[in-house]
Participant: 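Provided herewith is a single structure, encoded as structure tokens, for subsequent inquiry.
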Amino acid sequence: MAFDPKPQLVVLLFSLSSVAISAIPSPSSAATVYDLLPEYGLPRGLLPDSVASYSLSDEGSFVVELTKPCYVQFEYLVYYEKRITGKLKYGSISELEGIQVQRLFLWFDVDEIKVDLPPADCIYFQVGFINKKLDVNQFKTVHSCRDKAFAPCDQSWKRVFELPTPIGDIQMLITE
């Protein structure tokens with residue numbers, strides 16, 4: 001009986017091809033959402049540090065769950081709802097819901113986020129019909145979440161009404 005190497009060769013080729021396919025990085029294999037964003041050409045700091053979970057479909061639809069709603073101060077104050085949804089493509093997030101930005105005393109929904117391709121120093125936020133261009137560097141690191149838009153009253157408003165602290169002993173001049 002002669003030895004036929006064909007079955008072993010087929011098994012070897014199949015196992016090598018499955019190893020090679022699993023070694024190719026896919027966007028869905030990211031450990032965290034902060035690892036996933038750069039795979040799509042976006043900065044990792046677009047979301048706050050309070051992400052509890054995320055899911056991403058094959059079509060790019062995603063859901064991000066935060067531990068709680070929160071605020072992050074970038075060039076503008078940004079509010080993140082507890083649930084953020086949208087559609088992720090390379091270089092952009094569209095159909096975005098759950099992120100708002102404050103301008104003056106008004107809050108506006110962020111509808112879309114885009115970066116230059118190839119990546120450059122700018123990121124664009126679509127807010128209604130306005131497209132705002134910002135420096136991408138402020139979004140490269142993940143920022144801490146805070147519960148309120150303003151610091152507690154006993155800290156921020158107190159400073160407004162405080163008198164400056166005197167430096168050393170200042171002699172008062174008395175004039176008649």
Side-chain angles (χ1 to χ4, degrees), residues 15-152 155-156:
S15 59
L16 285 176
S17 66
S18 65
V19 168
I21 289 171
S22 66
I24 298 171
S26 66
S28 61
S29 68
T32 68
V33 72
Y34 310 111
D35 299 326
L36 178 72
L37 290 170
E39 290 182 18
Y40 281 87
L42 298 164
R44 63 187 314 113
L46 282 177
L47 294 170
D49 65 352
S50 62
V51 173
S53 65
Y54 78 95
S55 63
L56 177 66
S57 74
D58 292 338
E59 297 83 38
S61 297
F62 69 88
V63 176
V64 173
E65 296 285 343
L66 303 182
T67 55
K68 59 186 173 184
C70 71
Y71 299 86
V72 174
Q73 183 68 55
F74 295 102
E75 186 174 325
Y76 298 98
L77 185 62
V78 177
Y79 173 72
Y80 295 90
E81 293 178 9
K82 187 172 170 37
R83 181 182 173 102
I84 301 163
T85 61
K87 187 152 188 164
L88 187 60
K89 296 179 193 168
Y90 192 81
S92 71
I93 300 173
S94 59
E95 302 172 29
L96 187 58
E97 292 185 17
I99 299 178
Q100 297 176 342
V101 64
Q102 185 182 35
R103 189 69 178 130
L104 301 173
F105 294 106
L106 302 173
W107 288 95
F108 299 97
D109 291 327
V110 177
D111 301 318
E112 189 171 2
I113 300 172
K114 290 184 179 182
V115 294
D116 287 329
L117 294 176
D121 296 333
C122 297
I123 188 165
Y124 304 89
F125 290 83
Q126 186 75 34
V127 179
F129 62 90
I130 298 170
N131 195 11
K132 181 66 179 169
K133 177 180 169 182
L134 297 172
D135 183 9
V136 75
N137 288 328
Q138 62 185 314
F139 301 97
K140 288 191 175 180
T141 58
V142 178
H143 290 76
S144 295
C145 230
R146 62 184 197 206
D147 293 337
K148 298 180 180 174
F150 301 102
Q155 293 175 8
S156 63

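Only a predicted model underlies this, so the values are computations on that prediction, with no experimental measurement involved. No hydrogens, no waters, no symmetry mates; every other heavy atom, side chains included, goes into these values.
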Participant: Looking at D35 and P38, what are the two nearest heavy atoms and their distance?
Facilitator: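 Heavy-atom minimum between the residues: O-CD, 3.4 Å.
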Participant: Would a 4.5 Å heavy-atom cut-off, applied to side chains only, mark F62 and V64 as touching?
Facilitator: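 Side chain of F62 against side chain of V64, heavy atoms only: contact under 4.5 Å found.
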Participant: Starting from the C-alpha separation in whole Å, work towards a yes-or-no answer on side-chain contact (heavy atoms from CB on, under 4.5 Å) for F139 and L134.
Facilitator: CA-CA 10 Å; F139 301 97; L134 297 172; 4.2 Å; yes
Participant: Any idea which heavy atoms bring Y34 and V142 closest together, and the distance?
Facilitator: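 It is CD2-CG2, 3.5 Å.
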Participant: If you look only at pairs with a residue in residues 66-76, which of them pass as a salt bridge (charged side-chain N to carboxylate O under 4.0 Å, His left out), with sequence neighbours excluded?
Facilitator: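 Matches after skipping sequence neighbours: K68-D147.
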Participant: Would Y54 and V63 count as a side-chain contact (heavy atoms from CB on, under 4.5 Å) if you check the C-alpha gap in whole Å, the side-chain angles of each, and the deciding distance to 0.1 Å?
Facilitator: CA-CA 6 Å; Y54 78 95; V63 176; over 6 Å; no
Participant: Taking only residues two or more places apart in sequence, or in another chain, which ones meet D109 in a side-chain hydrogen bond (donor to acceptor under 3.5 Å, both in side chains)?
Facilitator: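 Once residues adjacent in sequence are excluded, the partners of D109 under the side-chain hydrogen bond (donor to acceptor under 3.5 Å, both in side chains) criterion are Q100.
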Participant: Between E112 and K114, is the side-chain contact (heavy atoms from CB on, under 4.5 Å) condition met? List the steps.
Facilitator: CA-CA 7 Å; E112 189 171 2; K114 290 184 179 182; 2.7 Å; yes
Participant: Could you list all the disulfide (SG to SG under 2.5 Å) pairs where at least one residue sits in residues 36-65, not counting sequence neighbours?
Facilitator: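 Listed once each, the pairs would be none.
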Participant: Quick one, H143 and Q73 - any side-chain contact, counting heavy atoms below 4.5 Å?
Facilitator: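 A side-chain contact under 4.5 Å is absent here.
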Participant: Anything under 3.5 Å between a donor and an acceptor, one on a side chain of residues 77-99, the other on a protein residue two or more places apart or in another chain? List them.
Facilitator:
residue	atom	partner	partner atom	Å
Y80	OH	L46	O	2.7
K82	NZ	L66	O	3.4
R83	NH1	E65	OE2	3.0

Participant: Just list the side-chain donor-acceptor pairs under 3.5 Å for residues 115-131, sequence neighbours left out, or say none.
Facilitator:
residue	atom	partner	partner atom	Å
D116	OD1	Y124	OH	3.1
D116	OD2	Y124	OH	3.4
Q126	NE2	G128	O	2.9

Participant: Evaluate the side-chain contact (heavy atoms from CB on, under 4.5 Å) criterion for residues L104 and L106: first the C-alpha distance (whole Å), next the side-chain angles of each, then the deciding distance (0.1 Å), finally the verdict.
Facilitator: CA-CA 6 Å; L104 301 173; L106 302 173; 5.6 Å; no
Participant: Closest heavy-atom contact between C145 and V72?
Facilitator: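 So the two residues come closest at CA-CG2, 4.3 Å.
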Participant: Residues in side-chain hydrogen bond (donor to acceptor under 3.5 Å, both in side chains) with R103, at least two apart?
Facilitator: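 R103 satisfies side-chain hydrogen bond (donor to acceptor under 3.5 Å, both in side chains) with no residue once adjacent residues are dropped.
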Participant: Could you tell me if the side chain of Y76 sits less than 4.5 Å from the side chain of Q102, heavy atoms only?
Facilitator: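 In short, these two side chains do not touch, never coming nearer than 4.5 Å.
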